[in-house]
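All values below were derived from every heavy atom in this structure, side-chain atoms included, with hydrogens, water molecules and symmetry-related copies excluded.
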Amino acid sequence: MSASPANPVLQTLLGRLSAATKLPREQLSGMLRPPPKAEMGDYALPCHAIAGPRKQKPDQAAIDLAAELALDPHLKPIVISIEPAGAFLNFRLDPGALCAAVLPPLRAAGEAYGGSDEGAGQTIVIDYSSPNIAKPFHVGHLMSTVLGASLARIFRALGHPVVGVNHLGDWGTQCGYQFLAWKQANPSEREVQLAARGIDYLVDLYVEINRPGKELTSLKDRLLDKNVALQPGERVETEKRIAELAPVAEEIERKARELFRKLEEGDPDLRILWERFRTKTLNVLQLSYDRLGVAFESTAGEGFYEPFLLPLIEDLKQRGILFESEGCWVIPLSEPREKKKKPPFIVVKTDGTTKYDTRDLAAAIYRKTTYDFAQNLYVVDVRQSLHFQGLFKALEKCGYEWAKDCRHVSYGLMQIKEGDATLPMTTRGGRMIPLGELLDRMVGIVREIVNEKNPALPPEQKDRVAEAVGVGAIIFWIQARRRSSNIVFDWKEATNPDGDTGPYVQYTHARACSILRKHGTYIPDQPDLTLLREPEEAAVVKALDEFPRVLRAAAEGYEPSLVATWLVSASRSFNDFYNKRQVLKAESAALRDARLALVDAARLGIARGLKLLGVTAPEEM
RNA sequence: GUCCCCGUAGCUCAGUUGGAUAGAGCGCUGGUUUCCUAAACCGGAGGUCGCAGGUUCGAGUCCUGCCGGGGACGCCA
């Protein structure tokens, strides 16, 4: 998977280096890198590893190797200079040769640039987005949705069959609460409300039924929190309120659990109600998915696996994998001699119902048997890393050798900056911002920028641009840093048109498109690319040439941010070129044609990168 | 208490399997438009890479310890 593709010029260079040093091409390919400063050359080879076998000091090895390579006739047409610099050997490639080697295949590949079929036959299952049923789709689900969708596109670009699964949280005790609230509502009133307000009504019901429980927890927390100094009277009041609430909350919980148990047992009325809520939710979610450009191959949620649970539990019991512990049926995860005790994997709770652990176990097995995946990925935030460790360990204990192919692709938490405050987006406390609200607000801000920057654009096109840039800004922002870091979403920064942002890259793309549009007529298929000799031209070509390697690294590390980082640096190279060199008014028609080909390639490469991240690339903005 | 992640410029972050004098953007500041979109480009100021040891020709990168921030830790999902 790590065979890094290289252009013909680089291939030749690597081949000759391999012949001269007797080192394998792959090793040299890993060693060859851009020097710290562009003035030093295009590529640098550290000679420490080469010096050893030659029984030389690295500095001397660099000098000798330079002299040796200078005589190589194969290198003459493609290399301008080979200079030893201390322990390093710096190569300057012929810019024309480089451009002529890189641009034609890139333009021929077009939309498929950087891709391959190396993943053919290796199916990747990606579990992502996975919101809960009858709850609003909020910002917390955005990270998983955006990252998962990008990974799906990246793996597809490399030829992997991909199954994107939206593992809906549509099963569990929460369903019981939902049913209870519904049953307690006025029968005619609730139908009217559901028809009129849809999912919003379900959310209200859920919040209402949970109110006593929520209040109880927060009061208890307050009593226990050493940081909160309570007045003596306040303490008594709080305890009194807790005494009032406790029985109410317990009664609600008891009933809710009972209803969920009935659902699991197959109660037909509850199944119908469940299906109604589920469909209602999916329809609303689809609006958000459409805006984000996300589509799933499967929406098999937790409820989907219900029929598999009992047989699975029976099977595990028979095979002696399940043990009784504190009234639950569990898969123990600690080794007998281990001192540090890991919590077990709970398959059946004391009340006889299953947990999400049980459903995850069944889902993993289902995915293996149905899709025969090479990799099974879970794009879920970092707080669940222990859960997934447990899940994978449990699969191992069940004897599935493919447990090693399962991976938790975790990411940090997201917070939102509002003025001077930074709001956490945990379920408790922080207000959850509905996704639609976030997107609308961004689009609104961008719409004003469009008005200011490009007032001549027709109104309906302004709307399209605002949608593409506003939504794109959020999607790009999320993916512009490594997964592991906690993200602080800053409205001002994300919409700032200056900076390392989605709008910056989109603007670069629009500029490239603009040149081609102004040129109008066709771009010659085979311009003389050896005319491209300026450093700014070579810089753009080198950036474009890196893309295939970036794509592979992004797939291997499950790290779409590599694509985002690449986009920014490629855009910077292009903008530098744009500012310094004229295309349409180039010194000669032949040079103009060559530069047009360069612009065309840059346009394709940038659009390709943006598309992989789920960001649309408007041709005008 | 145990385990996981993070700590790089005032802020947000890059930094390739260890390689040359640690890089961007924002913000601050100076400049570039008779020229293809100035949502751009070029320059300046700004650093004890959390701290201390260790490994080696070489450490922001690997190891150990400590400090600081975040997260998780059996019947919620």
Problem - Closest to the A/V330 side chain, choosing from B/C35, B/A40, B/G74 - result: B/G74
Completion exercise
Between CD1 of A/I487 and P of B/C6 the distance, given in whole Å, is 15 Å
Practice task
Report yes or no: is there a donor-acceptor pair, N or O only, under 3.5 Å between the side chain of A/Q174 and the base of B/C76?
Solution key: no
Problem - Centroid distance under 5.5 Å and plane angle under 30°, A/F88 vs B/A20 - result: yes
Practice task
Could you tell me whether A/S130 contacts a base, only the sugar-phosphate backbone, or nothing, with contacts defined as non-hydrogen atoms closer than 4.0 Å?
Solution key: nothing
Problem - A/T350 (side chain) and B/C75 (base): donor-acceptor pair under 3.5 Å - result: yes
Handout entry: Gap between atoms CG and P, on A/N90 and B/G19 respectively (whole Å)
Key = 16 Å
Practice task
Using the C1' atoms only, state how far B/A52 lies from B/G15, rounded to an integer number of Å.
Solution key: 24 Å
Handout entry: Residue A/S484, side-chain atoms from C-beta onward, closest of B/A20, B/C75, B/C6
Key = B/C6
Problem - Spacing between A/Q582 atom CD and B/U33 atom C1', to the nearest angstrom - result: 12 Å
Practice task
Take the protein atom CG of A/N486 and the nucleotide atom C1' of B/A72, then report the distance between them rounded to whole Å.
Solution key: 13 Å
Practice task
Decide whether A/N132 and A/H141 meet the rule of one side-chain donor and one side-chain acceptor closer than 3.5 Å.
Solution key: no
Fill in the blank from the handout: Closest of B/A20, B/A39, B/U37 to the A/E620 side chain is B/U37
Fill in the blank from the handout: Note: for A/S514 and A/D500 on RNA chain B, the residue whose nearest nucleotide lies more 5' is A/D500
Problem - Under-4.0 Å salt bridge between A/D381 and A/R383 - result: yes
Exercise for the section: Supply the atom-to-atom distance A/M143 CE to A/Q479 CD, rounded to the nearest 0.5 angstrom. Expected result: 9.5 Å
Exercise for the section: Please confirm whether any donor atom in the side chain of A/D381 sits under 3.5 Å from an acceptor in the base of B/A72, or the reverse. Expected result: no
Handout entry: Shortest side-chain distance from A/N579, nucleotide among B/A40, B/C36, B/G71
Key = B/A40
Problem - Sugar-phosphate only, base, or nothing, as touched by A/I346 at under 4.0 Å among non-hydrogen atoms - result: base
Handout entry: Contact under 4.0 Å: A/K518 side-chain N or O vs B/C36 OP1/OP2
Key = no
Handout entry: P atoms of B/G50 and B/G60, separation to the nearest Å
Key = 10 Å
Handout entry: Between A/T354 and A/E264: side-chain donor-acceptor atoms closer than 3.5 Å
Key = yes
Completion exercise
If pairing means Watson-Crick or G-U wobble with both distances under 3.5 Å, then the partner of B/C76 is none
Practice task
Determine the Euclidean distance between corresponding C1' atoms of B/U17 and B/C13; express it in Å to zero decimal places.
Solution key: 23 Å
Problem - Nucleotide nearest A/P344 (side chain, heavy atoms from C-beta), chosen from B/A39, B/G74, B/U12 - result: B/G74
Exercise for the section: Give one of base, sugar-phosphate or nothing for A/V348, where a contact means two heavy atoms less than 4.0 Å apart. Expected result: nothing
Problem - C1' spacing across the pair B/U61 / B/C6, given as an integer number of angstrom - result: 15 Å
Exercise for the section: May I ask you to say what A/P35 touches in the nucleic acid, namely base, sugar-phosphate or nothing, with a heavy-atom cut-off under 4.0 Å? Expected result: base
Practice task
State whether A/R33 places a side-chain N or O below 4.0 Å from either non-bridging phosphate oxygen (OP1 or OP2) of B/G19.
Solution key: yes
Handout entry: base_contact_polar (B/G71 base, A/S385 side chain, donor-acceptor, <3.5 Å)
Key = no
Exercise for the section: Assign A/Q506 to base, sugar-phosphate, or nothing according to its heavy-atom contacts below 4.0 angstrom with the strands shown. Expected result: nothing
Exercise for the section: Examine B/C76: is either OP1 or OP2 under 4.0 Å from a nitrogen or oxygen in the side chain of A/Y206? Give yes or no. Expected result: no
Handout entry: 5'-most by nearest nucleotide on RNA chain B - A/L584 or A/M40
Key = A/M40
Problem - Pairwise C1' distance, B/C62 and B/G18 [rounded to whole Å] - result: 7 Å
Practice task
With the side chain of A/R572 defined as its heavy atoms from C-beta on, choose the nearest nucleotide among B/C76, B/A20, B/G25.
Solution key: B/G25
Practice task
Examine B/G15: is either OP1 or OP2 under 4.0 Å from a nitrogen or oxygen in the side chain of A/R482? Give yes or no.
Solution key: yes
Fill in the blank from the handout: Checking A/Y411, A/Y558, A/F388 against A/Y378 for ring-ring contact (aromatic ring centres under 6.0 Å, His included), the one that qualifies is A/F388
Practice task
Assign the ring pair A/F260 / A/W171 to parallel, tilted or perpendicular, where the plane angle (0 to 90°) is split at 30° and 60°.
Solution key: perpendicular
Handout entry: Cationic N near anionic O, under 4.0 Å, A/R211 to A/E215
Key = no
Problem - Nucleotide B/G58, atom P - distance to CG of A/D59 in whole Å - result: 15 Å
Practice task
Consider the side chain of A/A85, meaning its heavy atoms from C-beta on, and name the nucleotide among B/C41, B/A20, B/C13 that approaches it most closely.
Solution key: B/A20
Handout entry: Side chains of A/T299 and A/N166, donor plus acceptor under 3.5 Å
Key = no
Problem - Ring-base stacking, A/H48 with B/G58 (5.5 Å, 30° cut-offs) - result: no
Exercise for the section: Quick one: label A/V382 by what it contacts on the DNA or RNA (base, sugar-phosphate, nothing), any heavy atom closer than 4.0 Å. Expected result: nothing
Practice task
Using the C1' atom as the reference point in each nucleotide, state the distance between B/C51 and B/U8 in Å, no decimals.
Solution key: 15 Å
Problem - Short side-chain N/O contact to B/C5 OP1/OP2 from A/R483, under 4.0 Å - result: no
Practice task
Would you indicate, yes or no, if B/C76 has its OP1 or OP2 atom less than 4.0 angstrom from a side-chain nitrogen or oxygen of A/R257?
Solution key: yes
Exercise for the section: Report the nucleotide, chosen from B/C75, B/A14, B/A40, that has the shortest atom-to-atom distance to any side-chain atom of A/K349. Expected result: B/C75
Problem - Among B/A20, B/A14, B/G23, the one nearest A/P36 by side-chain distance - result: B/A20
Handout entry: Distance below 4.0 Å between A/K580 side-chain N/O and B/U32 OP1 or OP2
Key = no
Practice task
Would you tell me whether A/Y504 and A/N575 have side-chain atoms, one donor and one acceptor, within less than 3.5 Å of each other?
Solution key: yes
Problem - Out of B/A39, B/G15, B/C36, whichever nucleotide has its closest atom nearest the side chain of A/L562 - result: B/G15
Problem - Between B/A59 and B/U16 - C1' atom distance, rounded Å - result: 15 Å
Problem - Protein-nucleotide distance (A/L45, atom CG; B/A20, atom P), rounded to Å - result: 14 Å
Practice task
Please measure how far the C1' atom in B/C3 lies from the corresponding atom in B/A40, and state the result in whole Å.
Solution key: 49 Å
Exercise for the section: Check the distance between B/C73's C1' and A/F345's CZ and give it to me in whole angstrom. Expected result: 15 Å
